[in-house]
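Report on one structure; see the data block that follows.
Not measured: the values here are computed from a predicted model. Letters A, B, ... mirror the listed sequences (proteins, then strands); counts begin at 1.
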Number of protein chains: 2
Amino acid sequence: MANAKSAQACGCPVAAFQKMISGKYKLRIVWDLQDGPKRYSEIRTGLLRGSSGSAVIAPRVLSRELKALTEQGLIDRKDFGVVPPKVEYRLTRKGKSFVPVIAAIRNWGARHLAEANADQMVAAE
Amino acid sequence: MANAKSAQACGCPVAAFQKMISGKYKLRIVWDLQDGPKRYSEIRTGLLRGSSGSAVIAPRVLSRELKALTEQGLIDRKDFGVVPPKVEYRLTRKGKSFVPVIAAIRNWGARHLAEANADQMVAAE
DNA sequence: CGGTATCCTAGTAGATACTG
DNA sequence: CAGTATCTACTAGGATACCG
């Protein structure tokens with residue numbers, strides 16, 4: 001794959017979307033941040049609810065995804081500049097506008113993918 | 001949080017969704033099939049509209065994605081069993097139910113990702 | 001606490017050639 | 001026409017150690 005701009009300019013938002021959410025935890029991160037700002041370790045811990053095959057998330061991975069989401073303008077990073085470090089991540093307006101899309105995905109997934117165990121409904125979040 | 005038996009049943013449809021659409025062309029394929037059945041080469045040609053950096057799609061890749069979508073129950077493969085070969089792919093009911101989700105994605109993407117170049121709007125399909 | 005620096009593995013996609 | 005076989009390049013993700 002050559003270019004980064006080709007996906008956006010091709011008139012196909014789907015490809016751009018695919019690239020935007022490429023990353024194992026990105027959708028979950030945005031979803032988890034809808035309730036308010038969270039710190040780095042809170043996000044990491046939150047992602048372990050129903051962990052997807054791994055017992056712990058490599059910090060390198062989480063760091064990269066958070067950075068990507070920040071550059072894509074979905075989340076905002078707030079460094080308090082104190083010791084010990086305190087950093088909060090929160091949704092931007094763009095990020096908040098994306099939450100309903102994730103809700104649609106979750107809604108569909110709950111109906112078609114989690115037939116046996118719809119423990120927490122979308123509305124119950 | 002209720003109990004989770006498997007990765008899919010973890011109350012996180014998002015992860016299952018991510019896995020389901022993992023593949024460069026899956027969303028596009030489903031989207032393109034909403035107008036009716038298409039043959040293998042029609043799908044390939046259709047995917048080249050606004051090609052994402054490549055002039056041609058490796059048959060191996062398209063084949064794998066079609067197979068995966070079939071196994072996931074989103075599309076159905078109909079082999080006419082003639083020579084020369086004729087195979088049609090069409091959406092299943094599950095696949096059709098997924099179209100609105102893609103529409104939501106496209107809609108969001110058109111507003112937030114394709115600000116400069118919204119050549120073909122969602123409604124213009 | 002919130003990362004970064006390395007190293008490693010596995011999977012995804014592309015190119016190309018070939019087949020029923 | 002609709003794929004399969006093979007080989008290669010790239011990258012996402014994981015493990016681990018360490019730093020500001």
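Within residues 36-44 of chain A, the residues having any heavy atom closer than 4.0 Å to DNA chain C are, in order of number, A/Arg39, A/Tyr40, A/Ser41. Of the residues in residues 61-79 of chain A, A/Ser63, A/Lys67, A/Arg77 come within less than 4.0 Å of DNA chain C through at least one heavy atom, sorted by number.
For the pair B/Arg60 and A/Arg60, both in contact range of DNA chain D, the more 5′-proximal nearest nucleotide belongs to B/Arg60.
With rounding to whole Å, B/Lys24 atom NZ is found 14 Å from C/dT12 atom P. The CG atom of B/Leu48 sits 11 Å away from the P atom of C/dG14 (whole-angstrom rounding). For the pair B/Lys19 NZ and C/dG11 C1', the interatomic distance rounds to 13 Å; values are reported in whole Å. Spacing between atom CG of B/Leu27 and atom P of C/dT12 amounts to 15 Å, rounded to whole angstrom units. Spacing between atom CD of B/Gln18 and atom C1' of D/dG13 amounts to 13 Å, rounded to whole angstrom units. Between the CD atom of B/Glu88 and the P atom of D/dC1 there is a distance of 15 Å, given to the nearest Å. Protein atom CD1 of A/Ile57 is 17 Å distant from nucleotide atom P of D/dA12, rounded to whole Å.
Interatomic distance, B/Arg106 CZ to B/Leu113 CG, rounded to the nearest 0.5 Å: 12.0 Å. B/Phe98 contributes atom CZ, which lies 4.5 Å from atom CZ of B/Phe17 (distance to the nearest 0.5 angstrom).
For A/Pro37, the side chain to side chain contact (heavy atoms under 4.5 Å, CB included) criterion is met by A/Glu88, A/Arg90, not counting sequence neighbours. Residues satisfying the side chain to side chain contact (heavy atoms under 4.5 Å, CB included) criterion with A/Ser41, sequence neighbours excluded, are A/Arg44. Legend: residues meeting side-chain hydrogen bond (donor to acceptor under 3.5 Å, both in side chains) with A/Ser97, ordered by chain and number and at least two apart, are B/Trp108, B/His112. In this structure B/Pro59 satisfies the side chain to side chain contact (heavy atoms under 4.5 Å, CB included) test together with B/Tyr40, sequence neighbours excluded. Applying the side chain to side chain contact (heavy atoms under 4.5 Å, CB included) rule to B/Thr45 yields no partners; only residues at least two apart in sequence or on another chain are considered.
Here A/Tyr25 reaches the OP1 or OP2 of D/dG14: one of its side-chain N or O atoms lies under 4.0 Å away.
Annotation: side chain of A/Leu62 is in contact with side chain of A/Ile29 (closest heavy-atom distance under 4.5 Å). A heavy-atom distance below 4.5 Å is not found between the side chains of A/Arg39 and A/Val87.
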Can you give me every donor-acceptor pair (side chain of residues 69-84 of chain B, partner residue at least two apart or in another chain, under 3.5 Å) with its distance?
residue	atom	partner	partner atom	Å
B/Thr70	OG1	B/Leu66	O	2.7
B/Arg77	NE	B/Tyr89	OH	3.4
B/Asp79	OD1	B/Gly81	N	2.8

Which is it for A/Ile43 and A/Asp32 under the side-chain contact (heavy atoms from CB on, under 4.5 Å) test, yes or no, and what are the steps along the way?
CA-CA 8 Å; A/Ile43 294 173; A/Asp32 287 350; 6.0 Å; no

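Axis orientation changes by 50° from one end of the helix from C/dC1-D/dG20 to C/dG20-D/dC1 to the other, with each end axis drawn from 5 pairs and the value rounded to 10°.
Distance from the side chain of A/Val87 is smallest for C/dG2 among the nucleotides C/dA17, D/dA15, C/dG2.
Residue contacts shown for B/Phe80 are absent, as no nucleic acid heavy atom lies under 4.0 Å away.
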If you restrict it to nitrogen or oxygen atoms, what contacts under 3.5 Å exist between nucleotides 18-20 of chain D and the protein, and what is each distance?
none

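The backbone N or O of B/Lys24 sits less than 3.5 Å from a side-chain atom of B/Glu65, completing a donor-acceptor pair. The backbone N or O of B/Ala15 lies less than 3.5 Å from no partner atom in the side chain of B/Gln18, so there is not a single donor-acceptor pair. Put simply, the side chain of A/Ser22 gets close to the backbone of A/Lys19: a donor and an acceptor are under 3.5 Å apart.
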